[in-house]
Enquirer: 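Okay, handing you the structure first.
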Amino acid sequence: MQYWLIKSDPDTWDWKDQVKVGTKGTSWDGVRNYQARNNMVVMKKGDYCLFYHSQSDPGVQGVVKVIKEAYRDHTADDDDRWKMVDVAVVKAFKKPVSLKEIKSKSGLKNMGLLKQGRLSVNPVTEKEFSIILELGGIKL
DNA sequence: GCCAACGTTGGC
DNA sequence: GCCAACGTTGGC
């Protein structure tokens with residue numbers, strides 16, 4: 001089992017949209033970065049991902065899981081390089097965990113999110129994952 | 001809207 | 001293969 005953090009610009013796709021599609025989930029398309037793609041390719045069905053809003057009021061909104069492993073991103077025209085996975089909602093946080101909180105928590109100082117702010121798909125350790133769930137006020 | 005960080009492109 | 005120019009992301 002691996003843990004991840006995936007970012008979405010809420011103007012394009014936000015947590016509410018994700019909740020709306022429910023257990024059917026949605027394809028996480030549009031990723032055009034090699035590192036992010038490489039991370040998606042190694043995702044396994046059932047892996048948990050923290051759903052993160054970038055831009056205005058950045059923070060983790062809840063937990064989703066991988067329901068379909070990497071396959072060709074159909075939004076990439078005839079460019080075969082790009083992949084996507086499908087994710088579905090697991091649970092919403094009682095309270096979103098802001099970037100500020102993440103920065104101020106000592107156990108989270110080494111998160112990929114902080115080290116490489118621009119990468120939209122980041123690996124998260126089990127420990128980091130559990131700290132963030134706690135901050136979000138939920139248990140799985 | 002600005003800017004830093006980083007990725008990508010293209011000329012050589 | 002190097003590097004400058006340019007584009008994009010994301011925090012503030």
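Please read these numbers as outputs of a predicted model, since none were measured by experiment. Chain letters run A, B, ... following the sequence lines, proteins first and then strands; every chain starts at 1.
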Enquirer: Between W28(A) and D86(A), is any side-chain donor less than 3.5 angstrom from a side-chain acceptor?
Expert: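 D86(A) and W28(A) do not have a side-chain donor-acceptor pair below 3.5 Å.
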Enquirer: S104(A) and E101(A): side-chain donor and acceptor closer than 3.5 Å?
Expert: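 No, E101(A) and S104(A) have no side-chain donor paired with an acceptor closer than 3.5 Å.
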Enquirer: Quick one: label L119(A) by what it contacts on the DNA or RNA (base, sugar-phosphate, nothing), any heavy atom closer than 4.0 Å.
Expert: nothing
Enquirer: Under 4.0 Å between a side-chain N or O of Y52(A) and OP1 or OP2 of dT9(C)?
Expert: no
Enquirer: Tell me: CG of D57(A) to P of dG10(C), nearest whole Å?
Expert: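 After rounding, the gap between these two atoms is 15 Å.
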Enquirer: For a quick check under 3.5 Å, do T75(A) and R32(A) share a side-chain donor-acceptor pair by atom type?
Expert: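 Yes, a side-chain donor-acceptor pair sits under 3.5 Å.
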Enquirer: Is there a side-chain contact between Q35(A) and the phosphate of dC6(B), meaning an N or O under 4.0 Å from OP1 or OP2?
Expert: no
Enquirer: Taking the minimum atom-to-atom distance to the side chain of S120(A), which one of dG10(C), dT8(B), dG11(C) wins?
Expert: dG10(C)
Enquirer: Roughly how many Å is it from OH in Y34(A) to C1' in dT9(B), rounded to a whole number?
Expert: 12 Å
Enquirer: Looking at K103(A), does any N or O in its side chain come under 4.0 Å of the phosphate oxygens OP1/OP2 on dC12(C)?
Expert: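 For dC12(C), OP1 or OP2 has a side-chain N or O of K103(A) closer than 4.0 Å.
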Enquirer: Atom NE2 of H53(A) to atom P of dG10(C): distance rounded to whole Å?
Expert: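 That distance rounds to 13 Å.
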Enquirer: May I have the distance from D11(A) (atom CG) to dT8(C) (atom C1'), rounded to whole angstrom?
Expert: 16 Å
Enquirer: What is the distance, to the nearest angstrom, from the CG atom on L113(A) to the P atom on dC6(B)?
Expert: 13 Å
Enquirer: With distance as the sole test, does N38(A) use its side chain to make a donor-acceptor pair with the main-chain N or O of Y34(A) at under 3.5 Å?
Expert: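 Side chain of N38(A) to backbone of Y34(A), a donor-acceptor pair under 3.5 Å: yes, one is there.
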Enquirer: Between dT8(C), dT8(B), dG11(C), spot the one nearest the side chain of R118(A), thanks.
Expert: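 Per side-chain heavy atoms of R118(A), the pick is dT8(C).
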Enquirer: I want to check one thing: is the phosphate of dG10(C), taken as OP1 and OP2, less than 4.0 Å away from some side-chain N or O of K7(A)?
Expert: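 True: K7(A) side-chain N/O within range (under 4.0 Å) of dG10(C) OP1/OP2.
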